[in-house]
Amino acid sequence: MNILIFGATGYIGSRVAQACVRHGYDVTGLVRNHSRITALPAQVKPLVGNLSQPEKIAALCTDFDTIINTGFPSHGKAWFESVALEKDLHRRLVEALSNTNKTLIVTNGTIFLGDSGEGRLTEDAPIQPEHPAAIRADSTRLALNGAQQGIRAMELRLASFVYGEGGSVFLPLLMATARRTRHSIYVGDGQIGASTVHVNAAAKAFVQALKYGKAGEIYHIAGDEEPLVYQMANAIAIGAGNDCQAVSVSQADAVESTDFFTTLFLTTNNRLNSTKARTELGWSGATDISLLWDVAHGSYANQSML
């Protein structure tokens, strides 16, 4: 099987590429330009192409058995523009791969499913159409619809906090804010539950999906650890050191200290039910490194500055 991975130099995509190589697959990583080739993991072949040109990228994909999109739009000001571009890419991929029985795996989160409350969100939970992140759900749903057009299309929805090896999106931002301000923030009483998964466990889920995933299916990928936001804030304070303190702030203050999307994850219960991935894919989210330990004493705490 030859695989093309979008985002192969990124935090999650690079681990997915490494996991695929270890399992004997022929892996190619898409890179924006030649200067990014050295950022690819070992034994991953480069293919130069820009995702801002969806039509050209879709044409390149016909040479591969499997396409994995681990690219994630920036949470900055260009987020909606990035998702619109991704949506166009998914539409063109489905057109290019139609009736080929090739595999297409796309990646998403679950924040657009709303608050899980005391329960856990399954793959059948309805998307909240008014949610600010619902546009991303529309994007991956376009790719998933390829299952009706002769494509083995699947969607892996990852836990809100993918962590490990000092990377991710939200954790480094929260750690950097804590080191800068000496305050590790949470909103209100911090009794918000978060889903987590170690980045290497998440990467294994893609390999299991390649082996056992079914066309048209969505899989939630989350480990067993479900810390509360205030527990995460305390761990970040310990990791930041120098008398950093965990403090409660208002939602408006959290937006000012971080950004809108980060605050959204700090104020929404997002516990996931990953039974389907464990039973159908044979996946396990088990890891020896918990998020709380890693932030307080491990790969994040060992960084002098983020």
When you look at L142 and V94, which way does the side-chain contact (heavy atoms from CB on, under 4.5 Å) test go after all the steps? CA-CA 8 Å; L142 268 176; V94 168; 5.9 Å; no

Verdict with reasoning, R15 to F206, per side-chain contact (heavy atoms from CB on, under 4.5 Å): CA-CA 10 Å; R15 275 74 178 183; F206 286 84; over 6 Å; no

Working note: S257 + T181, criterion side-chain contact (heavy atoms from CB on, under 4.5 Å); need CA distance, chi angles, decisive distance, verdict. CA-CA 9 Å; S257 296; T181 66; over 6 Å; no

What's the verdict on side-chain contact (heavy atoms from CB on, under 4.5 Å) for L113 and H220, showing C-alpha distance, side-chain angles and the deciding distance? CA-CA 12 Å; L113 299 179; H220 283 181; 4.0 Å; yes

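The closest side-chain heavy-atom distance from Y219 to M154 is below 4.5 Å. Between I185 and V247 there is a side-chain heavy-atom pair separated by less than 4.5 Å. F170 is not listed as a side-chain neighbour of S160, based on a closest heavy-atom distance of 4.5 Å or more. Counting heavy atoms from C-beta on, the side chains of L93 and V106 never come closer than 4.5 Å. Looking at R152 and L104, their side chains never come closer than 4.5 Å, going by heavy atoms from C-beta outward. With a 4.5 Å cut-off on side-chain heavy atoms, S184 and L174 do not count as touching.
Side-chain N or O atoms of S290 include one that pairs as donor or acceptor with a backbone N or O of W293 at under 3.5 Å. The backbone N or O of T262 lies less than 3.5 Å from a partner atom in the side chain of D259, making a donor-acceptor pair. The main-chain N or O of A159 is never found under 3.5 Å from a side-chain atom of S195 such that the two would form a donor-acceptor pair. Judged purely by atom type and a 3.5 angstrom limit, T62 uses its side chain to pair as donor or acceptor with the backbone of A59. One N or O on the side chain of Y11 and one on the backbone of Y163 form a donor-acceptor pair closer than 3.5 Å. Using a distance-only test at 3.5 Å, with no hydrogens or angles considered, a donor-acceptor pair links the side chain of W283 to the main chain of A201. Formation of a donor-acceptor pair under 3.5 Å by the R271 side chain with backbone atoms of G117 is found in this model. At distances below 3.5 Å, not a single donor-acceptor pair connects side-chain atoms of T196 with backbone N or O atoms of E226. A donor-acceptor pair under 3.5 Å links the side-chain atoms of N234 to the main chain of Y230, judged by distance alone. Not one N or O on the side chain of H23 forms a donor-acceptor pair closer than 3.5 Å with the backbone of Y25.
Counting non-hydrogen atoms of other residues, nucleotides and ligands closer than 6.0 Å to CD of Q43 gives a total of 12 or fewer. Within a 6.0 Å radius of NZ in K211, more than 12 heavy atoms belonging to other residues, nucleotides or ligands are found. Around the CG atom of N33, the shell of radius 6.0 Å holds more than 12 heavy atoms that belong to other residues, nucleotides or ligands. Atom NZ of K204 sits in a sparse spot, with 12 or fewer heavy atoms from other residues, nucleotides or ligands closer than 6.0 Å. Applying the 6.0 Å contact sphere to CD of Q149 captures more than 12 heavy atoms from other residues, nucleotides or ligands. At most 12 heavy atoms of other shown residues, nucleotides or ligands fall within 6.0 angstrom of atom CD in E55.
Residues K276 and D124 are not paired through a salt bridge, judged by the lack of any N-O separation under 4.0 Å between the basic side chain and the carboxylate. For R157 and E123, the salt-bridge test fails: no basic side-chain N is under 4.0 Å from an acidic carboxylate O.
To the nearest 0.5 angstrom, D26 atom CG is 5.5 Å from T28 atom OG1. Of the inter-residue distances, the one linking L51 atom CG with L89 atom CG reads 6.0 Å to the nearest 0.5 angstrom. The CD atom of E155 sits 11.0 Å away from the CG atom of N69 when rounded to the nearest 0.5 Å. Rounded to the nearest 0.5 Å, atoms OG1 (T66) and CE (M1) are 4.0 Å apart. Separating the CD1 atom in I236 from the CG atom in L171 is a distance of 6.0 Å, to the nearest 0.5 Å. Separation of atoms OG1 (T110) and CZ (R120) is listed at 13.0 Å; rounding is to 0.5 Å.
A side-chain donor from one of N200 and E165 sits under 3.5 Å from a side-chain acceptor of the other. Between the side chains of N270 and T268, no donor N or O sits under 3.5 Å from an acceptor N or O. Using a 3.5 Å distance cut-off with no hydrogens or angles, the side chains of D294 and H198 do not pair a donor with an acceptor. Checked by atom type, the side-chain pair T122/N273 shows no donor-acceptor distance below 3.5 Å.
Nearest heavy-atom pair across Q251 and V187 is N-CG1, 3.9 Å. Minimum heavy-atom separation, A222 to V197: CA-CB, 4.2 Å. When all heavy atoms of A240 and R182 are compared, the pair lying nearest together is O-NH2, 3.6 Å. The two residues L264 and P132 make their nearest non-hydrogen contact at CD2-CG, 4.4 Å. Minimum interatomic distance between T9 and S14 (heavy atoms only, all atoms of both residues): C-CB, 4.3 Å. Q128 approaches G114 most closely through the heavy-atom pair CG-N, 3.9 Å.
Linking Ile, Leu, Val, Met, Phe, Trp and Tyr whenever their side-chain heavy atoms come within less than 4.5 Å puts F261 and L266 in one cluster. Side-chain heavy atoms closer than 4.5 Å link hydrophobic residues (I, L, V, M, F, W, Y) into clusters, and following such links, possibly through other members, connects I3 to Y212. Under the 4.5 Å side-chain heavy-atom criterion for Ile, Leu, Val, Met, Phe, Trp and Tyr, I111 and M232 are members of the same hydrophobic cluster. L4 and I68 fall into different hydrophobic clusters, where Ile, Leu, Val, Met, Phe, Trp and Tyr are joined by side-chain heavy atoms under 4.5 Å apart, directly or via other members. Note on V162: it does not cluster hydrophobically with F112, by side-chain heavy-atom contacts below 4.5 Å among ILVMFWY residues.
None of H90, R91, K87 except one satisfies the side-chain hydrogen bond (donor to acceptor under 3.5 Å, both in side chains) rule with S139; the exception is H90. Between V83 and the choices T140, I135, D138, the side-chain contact (heavy atoms from CB on, under 4.5 Å) rule is met once, by I135.
By the 30° and 60° cut-offs, the orientation of the rings of F161 relative to F265 is perpendicular.
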